[in-house]
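One structure below.
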Protein chains: 2
Amino acid sequence: MQSRPRIPEATVARLAVYLRVLTGLADGGRGTVSSGELAAAAGVNPAGLRKDLSHLGPCGTRGVGYEVATLRDRIAAVLGMETAHACVLVGIGNLGSALAGYGGFGNRGFEFVGLFDASPNRVGQRIGDLPVRPMEELDAVVTETRATIGVIATPAEVAQPVCDRLTAAGVRSILNFAPVALSAPAGVGVRQVDLSVELQVLAFLDKQRGAPAPAELAPAGGMA
Amino acid sequence: MQSRPRIPEATVARLAVYLRVLTGLADGGRGTVSSGELAAAAGVNPAGLRKDLSHLGPCGTRGVGYEVATLRDRIAAVLGMETAHACVLVGIGNLGSALAGYGGFGNRGFEFVGLFDASPNRVGQRIGDLPVRPMEELDAVVTETRATIGVIATPAEVAQPVCDRLTAAGVRSILNFAPVALSAPAGVGVRQVDLSVELQVLAFLDKQRGAPAPAELAPAGGMA
DNA sequence: GCGACTTTGTTCCTGCGTTCACAAGCGGTT
DNA sequence: AACCGCTTGTGAACGCAGGAACAAAGTCGC
């Protein structure tokens, strides 16, 4: 079983979760884990977890489990965490500020190397240890830092032009928080995170679940 | 074809996207749209879009397309947007503040009716037109406002206890931004949004795509 | 009024992801 | 040294999502 050919996307997402759990276990001094325990902590099926791990070759000991530190390093290597990834963030509004100030990225191999905003009011502010720069400097910073990931937290109207500029500057992956579908050239990965869509799915599933819906903000209306 | 039995979860997520596009088209005064155009704006396949729409019965005119306003209302009704959903938000840190201040929810049928934080420093601040309340008031507010959705933006360590309190108070759906897998009683829907996982998937896909990836962090950057 | 074009709605098919269940292997114990 | 329990790793079946092709239906033009 080679690890190079391809790993399913859904598996990659779960590997990232396993990695976080393993890191916590290692910090707690834990030596080994079983697939059942790890699966419970990650919120997945034990069999699925073993299948996910099988994509990176045998890395467990039968009858014992997985060595926490070893497995952690293995997953980190497969996910490409041996080298830090430089990211630029465009759009320093409410959400952008939160992302820039969120400490959860740094110790996971991602580092913001540039913050950008079109508004002169924002430019010059400091968030953490980085200044907010004007959009004019975007291309230069991307080229200089060899940033490979761009995060878009702008209003929807300007997301596509920002995407174009990022890709033109050499960014190869984009995480988009603006509520629009972006079109990027082939070879550039785009991933969409849409908060209101998440809420709507949640609300629908609740409604579908046969919610008694006692009395909400408005009377429940039956439609034909 | 009934709309009640079940609509696939993936379809529901896309319906929310279509709804947003349709709203924009309606505001632009557009009368009808074809599946091809709508699919392009939503970033999906035209055939898939038609299949999605078929779950809510025939709502288009052959040879013409879909009536924008009618389809918008139809989707809104199916998604349960005829009644506003009351949400409470726990954890008013960087991300929580951004969510509370984000205007993209209000006009989509979701309204925050309570903001909560455990830190006395945060309590009493106002974000928008809502005050940050202490955790002690959570149960009362949930009961009073009949909030059905809880959003967790706390540190990972306290996410599970917060989840327990929310469900105990009667919340039926939870959107979790904390990087932990939550366990909730049956009948409560949990949806996870993990920002660092998104980044890691993005980085892996780029690496797998055959990225030359000579680009590590630039030596000139003196940060961290 | 009739033909032809356009577009929807449906059906089939292919591929992926998930789950269950079994065989193989290792450690501990007697 | 051999047995037994425990855990991993793998193989197969099920269900679901995605995509393409076809038929139905309605409108526009003549």
Side-chain angles (χ1 to χ4, degrees), chain A residues 1-3 5-18 22 25 30-68 70-71 74-75 78 181 192 197 201 204-205 208, chain B residues 1-3 5-18 22 25 30-68 70-71 74-75 78 181 192 197 201 204-205 208:
Chain A
M1 184 68 66
Q2 314 97 314
S3 59
R6 63 151 195 258
I7 299 183
E9 199 165 318
T11 293
V12 174
R14 285 189 296 264
L15 283 177
V17 176
Y18 307 153
L22 288 167
L25 288 174
R30 188 65 174 280
T32 58
V33 226
S34 67
S35 65
E37 190 178 358
L38 191 53
V44 300
N45 188 293
L49 180 138
R50 291 199 296 272
K51 176 160 290 211
D52 286 340
L53 263 48
S54 74
H55 285 106
L56 33 91
C59 42
T61 309
R62 301 181 186 226
V64 178
Y66 300 93
E67 201 174 340
V68 172
T70 305
L71 184 57
R74 189 82 169 261
I75 294 179
V78 169
Q192 180 88 18
V197 166
V201 172
F204 176 83
L205 292 179
Q208 189 180 238
Chain B
M1 186 67 66
Q2 314 94 315
S3 59
R6 62 150 194 256
I7 298 183
E9 200 165 317
T11 293
V12 174
R14 284 189 295 267
L15 284 177
V17 177
Y18 306 154
L22 288 167
L25 287 174
R30 188 66 175 278
T32 60
V33 225
S34 68
S35 65
E37 189 177 359
L38 190 54
V44 300
N45 187 294
L49 181 137
R50 291 199 296 272
K51 175 170 291 198
D52 288 338
L53 264 47
S54 74
H55 284 107
L56 32 93
C59 43
T61 309
R62 303 183 184 222
V64 177
Y66 299 94
E67 202 174 340
V68 173
T70 305
L71 184 58
R74 188 79 168 264
I75 294 178
V78 169
Q192 179 88 18
V197 166
V201 172
F204 176 83
L205 292 180
Q208 188 180 237

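Numbers restart at 1 for each chain; the letters A, B, ... are given by sequence-line order, proteins then strands.
- Put simply, CD1 on Ile7(A) and CD on Gln208(B) are 6.5 Å apart, with the number rounded to the nearest 0.5 Å.
- In the set dG18(D), dT8(D), dA20(D), dA20(D) carries the atom at the smallest distance from any side-chain atom of Ala47(B).
- Nearest nucleotide to the Ser54(B) side chain, out of dT27(D), dC20(C), dT10(C): dT10(C).
- For Arg74(A) and dT8(D), the CZ to C1' distance is 14 Å, given to the nearest whole Å.
- Smallest separation of non-hydrogen atoms from Val44(B) and Tyr18(B): CG2-OH, 3.7 Å.
- Contact annotation: Ser35(B) side-chain N/O to dT8(C) OP1/OP2 distance is under 4.0 Å.
- When all heavy atoms of Arg50(A) and Ser35(A) are compared, the pair lying nearest together is NH1-OG, 3.1 Å.
- In terms of heavy-atom proximity, Leu25(B) sits nearest to Val33(B) at CD1-CG1, 3.8 Å.
- Residue contacts for Gly48(B): at a heavy-atom cut-off of 4.0 Å it reaches no nucleic acid atom on any strand shown.
- Residue whose closest nucleotide on DNA chain C sits further toward the 5' end, between Gly63(A) and Gly36(B): Gly36(B).
- At least one side-chain heavy atom of Val197(B) sits under 4.5 Å from a side-chain heavy atom of Val17(A).
- For Leu38(B) and dT7(C), the CG to C1' distance is 14 Å, given to the nearest whole Å.
- Between its two ends, the helix from dG1(C)-dC30(D) to dT30(C)-dA1(D) turns its axis by 10°, counting five pairs per end and rounding to 10 degrees.
- Considering every non-hydrogen atom in both Pro8(B) and His55(B), the closest pair reads CD-NE2, 3.7 Å.
- Listed nucleotides dA17(D), dT8(C), dC26(C) differ in distance to Ala10(B); the shortest reach to its side chain belongs to dA17(D).
- Counting to the nearest Å, the C1' atom of dT8(D) and the CD atom of Glu37(A) are 15 Å from each other.
- At whole-Å resolution of the value, NE2 in His55(A) and C1' in dG11(D) are 13 Å apart.
- In this structure, Pro8(A) and Val64(A) both approach DNA chain C, and ranking their closest nucleotides by distance from the 5' end singles out Pro8(A).
- Residue Thr32(B) comes nearest to Glu67(B) through the heavy atom pair CG2-CA, 4.3 Å, listed as atom of the first residue, atom of the second, then distance.
- Considering only side-chain atoms of Asn45(A), the nucleotide from dA21(C), dC20(C), dG17(C) that sits closest is dC20(C).
- Distances from the side chain of Lys51(A) to the nucleotides dA17(D), dG11(D), dC26(C) place dG11(D) closest.
- Here the side chain of Arg14(A) is nearest to one of dT18(C), dG9(D), dA25(D), namely dT18(C).
- Between the C1' atom of dT8(D) and the CZ atom of Arg62(A) lies a distance of 5 Å, rounded to the nearest Å.
- Between Cys59(A) and Leu53(A), the shortest heavy-atom distance links the atoms SG-O, 4.2 Å.
- In the set dT8(D), dT27(D), dT8(C), the nucleotide with an atom closest to the side chain of Ser34(B) is dT8(C).
- Rounded to whole angstrom, the span from the CG atom of Leu71(A) across to the P atom of dT8(D) amounts to 11 Å.
- Look at OH on Tyr66(B): it is 16 Å from P on dA25(D), rounded to the nearest Å.
- Picking from dT8(D), dT8(C), dG18(D) the nucleotide with the shortest atom distance to the side chain of Arg50(B) gives dT8(C).
- In this entry the distance linking CG of Asp52(A) with P of dT10(D) reads 13 Å, nearest Å.
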